[in-house]
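What follows is one structure encoded as structure tokens, with my remarks underneath.
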Amino acid sequence: MAAQEKRKSLQGLWSSRLVFILAVSGSAVGLGNIWKFPYIAGDNGGGAFVLVYLVCVFTIGLPIMMSEILIGRRGRRNPIMTMKIVGEEEAGQSWWQIVGISGVLAGFLILSFYSVVAGWALAYIFKSATGTFHGIDGPGVEKVFGDLTGNWQILMMWHTLFMLMTVGVVARGVQRGLEQAVRVLMPALVGLLLILFVYAINHGAFVEALNFMFRADFDRLTADSVLVALGHAFFTLSLGMGAVMAYGAYLPEGTSILSTSIAVVFADTIIALLAGMVIFPIVFAHGLDAGQGPGLIFQTLPLAFGQMTGGVIFGTMFFVLLSFAAWTSSIGLIEPAVAWLTERFHMQRPQAAWLVGGITWVLGVGSVLSFNLLADFKIWRPGKDPGTIFDSLDHLASNLMLPLGGLLIAVFAGWVMCQNATSEELDIGDGGIYKLWRFLTRVVAPAMVLLIFLRGVGLI
Ligand code: TRP
């Protein structure tokens, strides 16, 4: 594309490099870090799982994040059109848009169940603040959680509120909506997490928690847990579905893709580990079990908050933190679809945001009902026991669609795009760092994703 004019983003650009880092970290740091990571680490035995997850993040996640940003900035459109345009430019192939299409679909699927869990977080802000957990016992927290998830009307209400919050931000556009939100919410999130961390160091079973998180016990690692670790690496970094590509489309020329990606990957990893180091010390200090599944932070933690001094304040803070994290992620989940509607069909942004929000809201009903009316309705899943609608959506999107999308993105950036194009976008010369990125992108990431993927679904 050297000779022709660079394309311009139709949605405006991020105002600074810092805002871009905040926005991508905002999308990355979410329920994945604070709700999902601790509970899947707990379910999969801790240490060894954490290690596999870290390896996936740095050898697969980081190079793919760079790839998504560089493809996005090159195409300067929503992921569907970007993959088509850059595919045509680089190889005369337009079918690469399938990656964008699957990404937009994954965004719908993920947000539909994400919003339900985010709704629990909103509900728990009020429960903590009004002292529901004060002096509560084990059966008590189970009942509070069961009463919430068992009541589909109440779940619908929180799911609706969260979708309204998401659409409200995205409708306002890149600079007035997304930027404003992350500028306020991300610093608040880090501040809250640090306060809770200091509390956990002083009052929790900190050493026991560190042991649990970092002592690797490979006997407990199964093919499925390696797939879960890989899927989670994609999920937590928002990769494999064009979301980071969409954000990359708004990145000003000349901003370093390498350093921004490193910043985001570190921020996301540190926050996930910090979340674990807040949650597990509190869980262990109260003699509770780490392998509790999705209810971990909604059942075990409130129990602990109910017993500790200042629990009302710390508990409320924790669920505000969780809601903020979910909010800055949900806007990233619908941005690709919203950008696509505005660019492809010339819809106004607010209309597009309402439409996407509406469709996701309807899909979310399936997840809402998985906890009550349809709790016994189980769906077949490749390489796994049948699960509820909620579990199956999560598995389909996180463990299948995101790794496959990521695999195609890596192949595209590593094999389809010519070396000139990628090195021009990355702008780090053609020395060791560029060569390392290219090797990871061409060989390591695709091979690892393919292997883990086939093994995880039971094909090898
Ligand atoms: N990374 C988010 C989290 O950890 C979830 C997520 C997955 C996401 N894919 C995304 C967020 C795309 C925004 C965009 O909770």
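Order of appearance sets the numbers: ligands from 1, and atoms from 1 within every ligand.
- For atom 15 (O) of ligand 1, the closest non-hydrogen atom on the protein side is Y114 OH, 2.5 Å.
- Atom 2 (C) of ligand 1 has as its closest protein heavy atom S27 O, 3.3 Å.
- The N/O atoms of L333, backbone and side chain alike, include none that comes under 3.5 Å of an N/O atom in ligand 1.
- Aromatic ring centres of F162 and W158: separated by at least 6.0 Å.
- Side-chain rings of F280 and F212 approach one another, their centers coming within less than 6.0 Å.
- Remark: aromatic rings of F319 and W120 are distant, center separation not under 6.0 Å.
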**Report entry** Intermediate values then yes/no, side-chain hydrogen bond (donor to acceptor under 3.5 Å, both in side chains), Q11 and E335
**Finding:** CA-CA 11 Å; Q11 319 275 346; E335 177 63 21; 5.4 Å; no
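- Considering backbone and side-chain atoms together, M241 places no N or O closer than 3.5 Å to any N or O of ligand 1.
- Against a heavy-atom cut-off of under 4.0 Å, A243 is close to the following atoms of ligand 1: 12 (C), 14 (C).
- For atom 13 (C) of ligand 1, the nearest non-hydrogen atom from the set A23, A106, S329 comes from S329.
- The contact set between ligand 1 and T236, taken as ligand atoms under 4.0 Å from a residue heavy atom, comprises 1 (N), 4 (O).
- Distances between N or O atoms of F235 and those of ligand 1 include at least one value under 3.5 Å.
- Other residues, nucleotides and ligands place no more than 12 heavy atoms under 6.0 Å from the CD1 atom of I98.
- Only backbone heavy atoms of A28 (N, CA, C or O) come within less than 4.0 Å of ligand 1; its side chain stays farther off.
- A salt bridge links E253 with R76: the distance from a Lys NZ or Arg NE/NH1/NH2 to an Asp or Glu carboxylate oxygen falls below 4.0 Å.
- Listed by number with element, the atoms of ligand 1 under 4.0 angstrom from any heavy atom of L31 are 15 (O).
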Report task. Please report the C-alpha distance between S370 and S367 in whole Å, then the side-chain angles of each, then the deciding distance to 0.1 Å, and finally whether the side-chain hydrogen bond (donor to acceptor under 3.5 Å, both in side chains) criterion is met. Result -> CA-CA 5 Å; S370 327; S367 289; 4.8 Å; no
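- Among protein heavy atoms, the minimum distance from atom 8 (C) of ligand 1 is reached at S238 OG, 3.3 Å.
- Remark: K378 does not engage D391 in a salt bridge, criterion side-chain N to carboxylate O under 4.0 Å.
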